[in-house]
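Since the structure comes first, as structure tokens, the remarks are kept for the end.
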Amino acid sequence: MNDMRCLGALMFLLCLLISCDRQRDVEVRVVARDARGNAVACGQELLLDPDVSMSLKKLRFYVHGVAFRDTRGQWISPHQPKGLSHVGDGVWLIDLDDGLCDLEFSPQTHLSMPMSLPAGREYDAMRFTLGVPESLNHLDPLKSSPHLAHTSMHWGWQAGYRFLRLDGTLKGNTPYATHLGSTRCTGEVGETVTCARSNRPEFVIKQPWFESGDVAHITLDVVALFEGVDWSAPQGCMGNAEDGDCAVILKNLALDPDTGSLDGTTSRIFLAGDATK
Amino acid sequence: MKLKVYPFILYICMMGCGPEGTPLATQAHLGERLFFDPVLSLHQDRACASCHNPADSFGGPPQAPGEVSIPSLLDVSRQRRLGRANPMIAQLEDQTRIALFGEEPAEMGMSGATHQLMRRLRAAPYYCVQLLGGVFIHGNCVDGEHDARGASVRVIHALSAYQRTLTFPRTTLVDRWQRGERTLDDEASAGAALFYADAGCARCHGGDLYATSYTTEAEAEGGAPPDYVRVFPPRAVARPLRLGLGVQAMTSDERDYQRFKTPTLRGIAWRGYYFHDGMRVSLHDAIAFHAPHLQAYEHAQLARFIEGLSEPRVQP
């Protein structure tokens, strides 16, 4: 009788262990919306303001430091699948122009963040950091893993990656570009490079995650990214706070333009769920 | 058998090997072909040599008013820092990658087009075989490098190997004078005295390249090494704006506004443009701009000495 009890207890423990270790494959899909609420895609007219539209060429960004909070308040880092060209090293490359505007990208392959999380738990918040971690930021893109090998995301003269880029043309075919990445860098490429301004914004999206399925959405609000930009004299942003529209855009990302650190406010450029029409 | 193989291995070791295991001579030969081939530009409308003109010291004047001039590639492998105003770039491969894939400014414009570049190279029998290690049969490139990144790296290594061959001959009048092989005429001798002493030219144009600064970090101020010298009075360049800022574009430090890397004086007399914006069209004019406190005859003496760094004119 005692043997049976012991066996039962062992079976229970084994089941518990298996249950704890069981992973659930999930996916966070990223969409972007303009002022009309329309989903953003390459070559489309993107409404930034009632009077300002942009023909989108590129909208891409890197995400790292992803974690989900379970109902006990514990932050869990997901596992990444292997073998995908836009995923690796804890970094996801998101390509919201759908890859159609760039020969280096394949269409419809960079719109989501596949991952796996411990099963049997409920999650109420997701956090992530925009950009590439410092440890990966100064690599040679042509000798890096596929997700970091996109030359259009490498910022050669700043010796690092563009964390986010949005390129397009405004009325009159005027180019407009916003590139965010670490700036005020010194050192020597291939040796040691350090950047005084990190410019890595962090976000927390509170919503019940994966309640009704294995796919959940977040929305990049492009209008919120550019809120406050003077569209009567658009200048674009090349990372430094002193450049054109950078100060406004960095503040919208909850970054202190003078230090490149978090400014303690909450950025509203990422929304929970699919907020497009 | 061993006796036949060892001399070959020894020959390869003496030649040195490129990063892909190809002898450097072959890398440089490939690089030369690529340097003159517009296949490397997005619209196939320009080669490296279109701007870095071999007849103009592998440099060139501004392409349009308000733009920056094209820096010479002569002796580029001997320079401590590369480019015009980015103190972080010290390796030729990094600078070449920026020229191919950079966007601000877009020189060859290949950002995001590594797959297109590889397809073009695989379609060319010579590059298929010699650069990518494939076999060209019936109009197709079989085997060899299939990875777009790998193909791009091979291009960069070959171009860098070629650029390392672009050295300025150390046979100029001044070189031979410094080696004690000849004397200078009176005007050039007076110019040398001014250059190394009264006029203070050698303070920035020092060393074998005539581009090494002896200014201290403290004297240089700002965020750049002393080899980067401020243009005074500043002359704004409209396009591209970032290059016109000089090192300030990197450091955001006002003291670095229009600080540019001091160029070599070797071969400088051959050019018809001077400074980052090409605004001076003669060597005399450039010297007079730098040394307004000297007399005209002293400008002429300095010019005679500096011309001695370009004579006789020998193509690398």
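Note on naming: letters A, B, ... go to the chains in the order of the sequence lines (proteins, then strands), and numbering restarts at 1 for each one.
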Between G190(A), A196(A), A177(A), P146(A), which has the largest tally of heavy atom pairs under 4.5 Å with chain B?
P146(A)
Which members of residues 222-229 of chain A, sorted by number, sit under 4.5 angstrom from chain B on a heavy-atom basis?
none
Would E103(B) and K58(A) count as a salt bridge (Lys or Arg N to Asp or Glu O under 4.0 Å) if you check the C-alpha gap in whole Å, the side-chain angles of each, and the deciding distance to 0.1 Å?
CA-CA 13 Å; E103(B) 294 182 42; K58(A) 293 185 177 78; 5.2 Å; no
So which heavy atom on [X] is nearest to which on [Y], and how close?
{"X": "P141(A)", "Y": "R149(B)", "answer": "O-CD, 4.2 Å"}
{"X": "S152(A)", "Y": "S111(B)", "answer": "CA-OG, 3.2 Å"}
{"X": "V193(A)", "Y": "M88(B)", "answer": "CG1-SD, 3.8 Å"}

Straight-line distance of S252(B) OG to R197(A) CZ, nearest 0.5 Å:
5.5 Å
Step by step, would you call M250(B) with C185(A) a side chain to side chain contact (heavy atoms under 4.5 Å, CB included)?
CA-CA 7 Å; M250(B) 304 298 307; C185(A) 304; 5.6 Å; no
Pair E104(B), H179(A): side-chain N/O donor-acceptor within cut-off below 3.5 Å
yes
Look at E93(B) together with K143(A) and state whether they make a salt bridge at an N to O cut-off of under 4.0 Å.
no
Side-chain touch F101(B)/L142(A), heavy atoms, less than 4.5 angstrom
yes
Dump the intermediate steps for side chain to side chain contact (heavy atoms under 4.5 Å, CB included) on R97(B) and D140(A), then the final yes or no.
CA-CA 9 Å; R97(B) 189 189 67 232; D140(A) 181 340; 3.3 Å; yes
Against chain B, label Q158(A) side chain, backbone, both or neither, depending on which of its atoms sit under 4.5 Å from a heavy atom there.
both
Would R80(B) and E188(A) satisfy salt bridge (Lys or Arg N to Asp or Glu O under 4.0 Å), going step by step from the backbone distance to the final call?
CA-CA 11 Å; R80(B) 287 191 296 193; E188(A) 186 177 317; over 6 Å; no
So what's closer than 4.5 Å to chain A heavy atoms on L100(B): side chain, backbone, both or neither?
neither
